[in-house]
Q: 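Right, I'll just put the structure down here and ask away after.
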Amino acid sequence: MAQNLVPPHHIAIVMDGNGRWAKRRFLPRLAGHKQGVDVLRRCVQACAQRGVGVLTVFAFSSENWNRPQEEVSGLMELLAKALSREVPQLLRDGVQLHFVGERAGLSDKVREGLAQGEAATAHNTRLVLNVCFNYGGRWDMAQAAAKLAARGEPITETSLNAAMALAHVPDPDLLIRTGGEMRLSNFLLWQAAYSELYFSDKLWPDFDDAALDEAIAAFHARERRFGKTSEQILSAPSALARA
Ligand code: FPP
C-alpha cells in the first residue's frame with residue numbers, strides 16, 4: 001500500500017460472488033457464504049490495521065428473502081452462529097458492531113444475538129463494523145421519512161439524514177463491489193451519493209488483503225470534487241498543505 005496516504009475513513013462493501021465461488025467447487029451455495037464469513041473476519045482485521053474507521057458490509061438484502069428457502073434459513077443460521085462465535089474476537093480487535101436493517105421479520109434468536117453483540121462491543125473505538133442485514137436503501141429512506149412524519153417534523157436533507165439507519169457514521173468514502181457486477185443493488189442509495197465506486201472481478205471469498213490494498217490504491221488515485229471543479233480542489237488550502 002502507498003505510504004503516507006490517509007486511508008478512506010469509511011469503506012462499504014457489497015460482498016458478491018459467494019454462490020459462484022461455491023458452484024465452481026461443486027459445493028452448495030451455503031459453503032460459499034461460510035467462506036464469506038471467514039473472509040469478512042480477515043477484512044475487518046485488515047481494515048483496522050490500515051486505520052480505516054468504519055466498515056459497512058451488505059450481508060442480506062430486503063430482496064434476498066426471494067432466494068430458495070434453504071439458502072435464506074442457512075444465512076440466518078450463519079448470522080446467528082457468527083455472532084456468538086465472533087464477538088470475543090471483535091472485542092479483542094476493538095471493533096464496535098452495529099446491525100443496520102429491519103429487525104422485524106428476523107427470528108428472536110437472531111434479534112437477541114444482534115442486540116447482545118451490539119451491547120458487548122458498544123465501548124470499542126478502533127473500528128465501527130456495520131452489518132447490513134435485512135437492509136435495503138429504499139427501506140432506509142422510507143423508514144426515515146415515516147419516522148419524521150410520525151413526529152410531525154419537516155422532511156429536509158438534514159433531518160432525513162439524521163433519521164437514517166446509518167446516522168451514526170459519515171457517508172462512505174469508498175464503496176467496493178466484488179463479483180464482477182456493476183450495480184448498487186439497493187445498497188446505501190442515499191449515503192453513496194459521493195462515494196468512490198470500485199468494482200472488483202474477484203469473488204468475495206477470494207477478496208484478500210492484496211485486493212483490499214488495490215481498492216484503496218485506486219481510491220487514492222481518484223480526485224474527489226464533490227461538485228466543484230478540479231481547479232478549485234487543487235487550490236484549496238488543504239490541498240496545498242498536503243503538497
Ligand atoms: C452475495 O453473493 C452474498 C450474499 C447474499 C450474502 C453475503 C454474506 C456473507 C459474505 C457472509 C457474511 C454473512 C453474515 C451472516 C455475517 P451471492 O450469493 O449472490 O453470489 P453469486 O452472485 O455468486 O450467486
Side-chain angles (χ1 to χ4, degrees), residues 11-47 54-90 93 95-103 105-107 109-118 120-121 127-137 139 165 175-188 199-209 211-212 215:
I11 296 182
I13 308 184
V14 179
M15 307 178 290
D16 196 15
N18 296 342
R20 278 164 286 164
W21 183 92
K23 196 172 175 187
R24 284 177 196 176
R25 288 160 179 77
F26 306 101
L27 295 169
R29 293 178 59 82
L30 207 56
H33 296 315
K34 281 186 185 153
Q35 190 69 19
V37 174
D38 291 345
V39 170
L40 176 55
R41 181 190 310 113
R42 177 65 215 144
C43 186
V44 168
Q45 289 171 346
C47 283
V54 184
L55 176 65
T56 300
V57 294
F58 205 4
F60 190 88
S61 77
S62 314
E63 291 75 32
N64 284 152
W65 293 104
N66 298 322
R67 293 197 170 200
Q69 173 55 31
E70 190 184 296
E71 184 171 346
V72 171
S73 51
L75 277 165
M76 295 293 157
E77 191 61 25
L78 203 58
L79 176 63
K81 279 199 182 132
L83 281 165
S84 61
R85 200 182 51 220
E86 304 295 338
V87 166
Q89 186 62 45
L90 295 178
D93 291 339
V95 177
Q96 187 185 109
L97 179 68
H98 286 261
F99 163 75
V100 178
E102 192 172 14
R103 296 184 193 225
L106 301 179
S107 70
K109 185 178 165 190
V110 168
R111 275 210 301 264
E112 277 162 27
L114 292 167
Q116 282 168 8
E118 286 182 329
T121 61
L127 175 84
V128 171
L129 171 62
N130 297 308
V131 177
C132 296
F133 200 93
N134 200 15
Y135 168 89
W139 163 81
L175 191 155
I176 300 170
R177 181 175 183 138
T178 63
E181 310 283 3
M182 294 189 217
R183 55 176 168 260
L184 287 180
S185 299
N186 202 11
F187 188 45
L188 306 183
F199 299 100
S200 167
D201 284 334
K202 278 192 185 288
L203 304 176
W204 173 249
D206 296 324
F207 195 80
D208 54 13
D209 286 14
L212 176 68

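Note that ligands are numbered from 1 as they come in the structure, with each ligand's atoms numbered from 1 the same way. Residue numbers start at 1 and run along the sequence shown.
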Q: Begin from the C-alpha positions of E77 and K34 and carry the test salt bridge (charged side-chain N to carboxylate O under 4.0 Å, His left out) through to its verdict.
A: CA-CA 11 Å; E77 191 61 25; K34 281 186 185 153; over 6 Å; no

Q: Looking at R29 and K23, would you say the former's side chain and the latter's main chain have a donor-acceptor pair under 3.5 Å?
A: no

Q: Do the two ring centres, one from F58 and one from Y135, sit under 6.0 Å apart?
A: yes

Q: Indicate the atoms forming the closest heavy-atom contact of G179 with R20, along with that distance.
A: O-NH1, 2.7 Å

Q: Any donor and acceptor pair, going by atom type alone, linking the side chain of R111 with main-chain N or O of L106 inside 3.5 Å?
A: yes

Q: Given a heavy-atom cut-off of 4.0 Å, could you list the residues near ligand 1 in chain and number order?
A: M15, D16, G17, N18, G19, R20, R29, H33, G36, V37, A59, N64, R67, L79, W204

Q: Between V57 and C132, does the side chain to side chain contact (heavy atoms under 4.5 Å, CB included) criterion hold? Intermediate values first, please.
A: CA-CA 6 Å; V57 294; C132 296; over 6 Å; no

